[in-house]
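Presented below is the structure to which this report refers.
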Amino acid sequence: MDQCKSPFDPSSLLADVRTQRLLETIREQGGFAFVNLIMRVKGGDAAAAEIAYDMAWEQLHSGPWHAVHTAWRDAFTLSCILMAFSQTLTLPEALRYLDMGLLMGASLFQRDASLAIGFIQSRDKEKMEHSGPISHRCTFRVSMDPSSCTESTTARATGRISELSVGPMPTFENLHLLPERSLQCDAIERSCQPSLEEFLCCYLLPGIPVILTNAISHWSALRKWKNVDYLQDVAGDRTVPVEVGKHYLMPEWKQELVPFSELLKHIYEAQGSSTTCTYLAQHPLFEQIPQLKEDIVIPDYCAFGGDSVHTINAWFGPAGTVTPLHHDPDCNLFAQVVGKKYVRLYPASVSESLYPYDESMLWNSSQTLTTQTTRYTP
């Protein structure tokens, strides 16, 4: 059944056996007050949904994230769904609650939250069609093709993961952002749509990096994602996680949850300026917003990763964004949709010379960026 036209009834969710089992677990965790609030919502007390939401939110922030019981994350998603339907909310407000449930909740009600998003968007569209055009979004137009987007990274070969990165096009005025003599190094081999056998035998198995040309020329994303109005219309009201700061090794770096429209605005305002970089990085955006996944096609080369692609992540950012030198545990298949990106690769044999961090959280990152290459950070 089509997601956007599927009816969604929160009262049915409250009567669902999954909810009953969850409430039993929450009760065992000492959450008697939360269970009573959900029962009040079931009885028609809409105000109780907001109290339940606040209570679940507090539980998510009561200690280290890894120590939060999965049941409370499921309870948070449930309360987000109830909040989206319990009050007279605008579309962006309702979507924010549901996105928070998707981003911070566990797996129990993920599909329900996605169905709720499709239902609310479809309902809002029908209202607009019956009432005539209403301008309730702030839209702006900007070409997504100014100066360079650079990345310095260690990687192994191409392979299992399909990663998407959207960034502006470079100009010669921004070549100073690249490391010294970076364009004098050996170039990576290029191959135009190699066969699966050639890709496997010549590149993946021997661990040789390769640039695959003309491999995504049929993606509609190459055309659609240059249109900011399209991105605004499809995802503008959705809440996404972003990184704020030069890169994750800097002390001022932080993470925030913002509307996708605000991210687009940051990308637009950052062109040619020294404003703080806001970057959506390594986020499973296509699970959260399936409409964007319709614009891409998973390459056949990913079949060598096993029964399914390990993960599909997205990157959206302004010119000059930098990812510190690092090593990925999985093989990557990286697709550049808009703009260009500088990638620097090192063989595994020189890993010790790249001074990896001793800290467990940063074991896959190099310390070299903090001293020698700060001159070409955004």
Side-chain angles (χ1 to χ4, degrees), residues 1-27 29 31 34-60 68-127 234-235 237-241 257 259-260 283-294 311-312:
M1 182 178 294
D2 181 62
Q3 173 179 315
C4 292
K5 295 185 179 179
S6 298
F8 187 86
D9 183 7
S11 61
S12 298
L13 183 62
L14 289 175
D16 194 294
V17 64
R18 294 173 300 159
T19 302
Q20 303 309 313
R21 291 172 178 170
L22 172 66
L23 295 181
E24 291 176 6
T25 303
I26 292 295
R27 189 181 288 109
Q29 294 290 317
F34 180 85
V35 174
N36 289 336
L37 289 167
I38 297 301
M39 292 298 101
R40 285 170 53 184
V41 175
K42 189 175 182 179
D45 185 357
E50 184 172 3
I51 304 175
Y53 171 87
D54 291 337
M55 187 173 296
W57 176 264
E58 290 179 2
Q59 288 294 326
L60 297 189
V68 177
H69 197 285
T70 302
W72 277 111
R73 293 181 60 195
D74 287 326
F76 179 73
T77 304
L78 175 63
S79 64
C80 287
I81 295 173
L82 297 177
M83 278 296 295
F85 287 89
S86 65
Q87 303 179 29
T88 305
L89 302 177
T90 64
L91 177 64
E93 290 171 339
L95 289 177
R96 178 168 178 79
Y97 277 114
L98 293 170
D99 276 326
M100 292 295 287
L102 285 174
L103 294 171
M104 303 188 69
S107 61
L108 186 61
F109 297 119
Q110 291 286 300
R111 183 173 182 274
D112 301 276
S114 295
L115 288 172
I117 287 172
F119 174 76
I120 287 178
Q121 288 178 323
S122 178
R123 185 183 62 183
D124 183 74
K125 183 178 180 181
E126 291 177 359
K127 287 181 179 178
V234 172
D237 292 328
R238 305 300 298 276
T239 298
V240 294
L257 294 172
F260 193 81
H283 175 55
L285 187 67
F286 307 108
E287 293 181 14
Q288 183 186 358
I289 309 177
Q291 296 96 317
L292 290 176
K293 190 176 182 180
E294 296 174 2
T311 185
I312 306 177

Worksheet, complete the sentence: Nearest heavy-atom approach of Ile81 to Ala113 is CD1-N, 3.9 Å
Worksheet item: Got a sec, which residues hit salt bridge (charged side-chain N to carboxylate O under 4.0 Å, His left out) with Asp54, two or more places apart in sequence or on another chain?
Response: none
Item to complete: Indicate yes or no: at least one non-hydrogen side-chain atom of Phe85 is less than 4.5 angstrom from one of Ile120.
Response: yes
Worksheet item: Between CD1 of Ile38 and CG of Asp45, what distance do you get to the nearest 0.5 Å?
Response: 11.0 Å
Item to complete: For residues Ala15 and Lys42, report the shortest heavy-atom separation together with the two atoms involved.
Response: CA-NZ, 4.5 Å
Item to complete: Tell me, please, which residues at least two apart from Asn36 pass side chain to side chain contact (heavy atoms under 4.5 Å, CB included).
Response: none
Item to complete: Side-chain contact test, heavy atoms from C-beta onward, threshold under 4.5 Å: evaluate it for Ile289 versus Val234 and give yes or no.
Response: yes
Worksheet item: Can you list every pair that meets salt bridge (charged side-chain N to carboxylate O under 4.0 Å, His left out) and has a residue in residues 103-115, with sequence neighbours left out?
Response: Arg18-Asp112
Worksheet item: What is the distance from atom CG of Leu60 to atom CE of Met55, rounded to the nearest 0.5 Å?
Response: 13.0 Å
Worksheet, complete the sentence: Those residues at least two apart in sequence (or on a different chain) that pass side chain to side chain contact (heavy atoms under 4.5 Å, CB included) with Ala106 are Thr70, Arg73, Asp74
Discussion item. Are the side chains of Leu257 and Val240 in contact, using a 4.5 Å heavy-atom criterion?
Written reply: no
Which pairs of donor and acceptor atoms, one on a side chain in residues 88-104, lie under 3.5 Å apart (sequence neighbours left out)?
| from | atom 1 | to | atom 2 | distance (Å) |
| --- | --- | --- | --- | --- |
| Thr90 | OG1 | Glu93 | N | 3.3 |
| Thr90 | OG1 | Glu93 | OE1 | 3.3 |
| Glu93 | OE1 | Thr90 | N | 3.0 |
| Arg96 | NH1 | Thr239 | OG1 | 3.3 |
| Asp99 | OD1 | Arg238 | NE | 3.1 |
| Asp99 | OD1 | Arg238 | NH2 | 2.6 |
| Asp99 | OD1 | Gln288 | NE2 | 2.9 |
| Asp99 | OD2 | Arg238 | NE | 2.8 |
| Asp99 | OD2 | Thr239 | N | 2.8 |

Discussion item. If the condition is ring-ring contact (aromatic ring centres under 6.0 Å, His included), which residues does Phe76 pass it with, not counting sequence neighbours?
Written reply: Tyr53, Trp57
Worksheet item: Got more than 12 heavy atoms from elsewhere within 6.0 Å of CD, Gln110?
Response: yes
Item to complete: Go through the side-chain N and O atoms of Gln291 and Gln121 and say whether any donor and acceptor fall under 3.5 Å apart.
Response: yes
Discussion item. Can a donor-acceptor pair be found, under 3.5 Å and without considering hydrogens, that links the side chain of Thr19 to the backbone of Leu13?
Written reply: yes
